[in-house]
Amino acid sequence: MGTVVIVGGTQGLGRELAQSYADDGREVVVTGRDQSRADAAASEIGGSTRGLGFDLAEPHTIAGALAGVEDVDHLVLAAIERDVNKIREYEIDAALRLVTMKLVGYTEVIHALLPQMRDDSSILIYGGLARDRPYPGSTTVTTVNGGVTSLVRTLVVELAPIRVNAIHNGIVGDSPQWKDMAPERHKALVDRTPIGRLVTMEESMGAARFLLENQAINGINLNVDGGWMCT
Ligand SMILES: NC(=O)c1ccc[n+]([C@@H]2O[C@H](COP(=O)([O-])OP(=O)(O)OC[C@H]3O[C@@H](n4cnc5c(N)ncnc54)[C@H](OP(=O)(O)O)[C@@H]3O)[C@@H](O)[C@H]2O)c1
């Protein structure tokens, strides 16, 4: 079995997935923006995990940073820099970073690692349900998540037989980003979620592993939201 590469694996959902593969004895690479933070995360995850630092918003640096990564079984693209960016106060630089990292940076990671992938390797891209449930300031996030949906379709065709899927989480209640949210916001989200609670990191991780590992699953954009999109 080859390496599991998790871009954006130093924290949050990517790190939860890295931990589960490391606990299974797999070779794991976790990446973030900073080499020392990536090294620290890799050491905390343990097993055969190593860290790499590069900035997805600087796509010309990506291939060099990934040059030592070999024999990739699963490639996961989970990194995000959140951008609350309202059109009336539009911040061009923040928008450029997010659009570049999620669409060009993710694609360049795939380009750089493709020679290290086999026919039965798989790719998983993280979008999110801001794609379908926008809020004031979500324009860049909403549009790049829509881009992720389209990216899956074109990559499935171009990279066949390598499988490519995306996971679109609702709010993951115990993720670092949301675990301290205001109680009234939490209640409003739970009231609208048919399972009566928010999805957990562990549940999201299980869905991610299904998409990566089931050899029949290809071209899927999977909502993981406890039924939130039905209400
Ligand atoms: N959490 C949720 O409830 C939720 C809901 C819907 C969708 N999602 C999606 O799920 C994915 C993971 O979300 P999360 O909440 O787990 O994220 P997170 O906790 O904020 O972690 C973000 C990760 O991305 C890395 N990163 C950030 N900017 C980067 C850059 N420019 N270049 C390279 N790496 C970068 C960070 O590494 P360093 O900090 O070490 O640099 C970190 O590992 C994202 O794509 C997000 O949109 C999450």
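Order of appearance sets the numbers: ligands from 1, and atoms from 1 within every ligand. The first residue of the sequence shown is numbered 1, and numbering continues consecutively from there.
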So among [options], which one has a side-chain contact (heavy atoms from CB on, under 4.5 Å) with [X]?
X	options	value
L77	L124, T107, I110, V5	I110
V164	I220, L155, L75, T154	L155
W228	T193, V190, N223	T193

Could you check whether any heavy atom of [X] sits closer than 4.0 Å to an atom of ligand 1, since that is the contact criterion I want to use?
X	answer
G170	yes
M201	no
G127	yes

S121 side, atom OG; I162 side, atom CD1 - distance, nearest 0.5 Å
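The OG atom of S121 sits 5.5 Å away from the CD1 atom of I162.
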List the closest protein heavy-atom neighbour of [atom]: residue, atom name, distance to the nearest 0.1 Å.
atom	value
atom 42 (C) of ligand 1	T10 OG1, 3.4 Å
atom 34 (N) of ligand 1	A79 CB, 3.7 Å
atom 32 (N) of ligand 1	L56 N, 2.9 Å
atom 3 (O) of ligand 1	V172 N, 2.8 Å

Give the atom numbers and elements of ligand 1 that come within less than 4.0 Å of a heavy atom of M101.
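In order of number, 28 (N), 29 (C), 30 (C), 31 (N).
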Can you tell me which portion of [X] lies within the under-4.0 Å heavy-atom range of ligand 1? Options are side chain, backbone, both, or neither.
X	value
S175	side chain
R15	neither
F54	backbone
R33	both
Q11	both
I171	backbone
K102	side chain

Given H168, R82, R37, E58, which one has a non-hydrogen atom that is nearest to atom 14 (P) of ligand 1?
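Nearest option to atom 14 (P) of ligand 1, by heavy atoms: R82.
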Among G14, A38, A78, closest by any non-hydrogen atom to atom 44 (C) of ligand 1:
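Nearest heavy atom to atom 44 (C) of ligand 1 lies in A78.
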Between [Y] and [X], is there a side-chain donor-acceptor contact under 3.5 Å, judged purely by atom types and distance?
X	Y	answer
T200	E203	yes
S48	R26	no
H168	N145	no
S204	N169	yes
T149	R131	yes

Ligand 1 to N169 polar contact by distance, N or O atoms, under 3.5 Å:
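For ligand 1, there is no N or O atom that lies under 3.5 Å from one belonging to N169.
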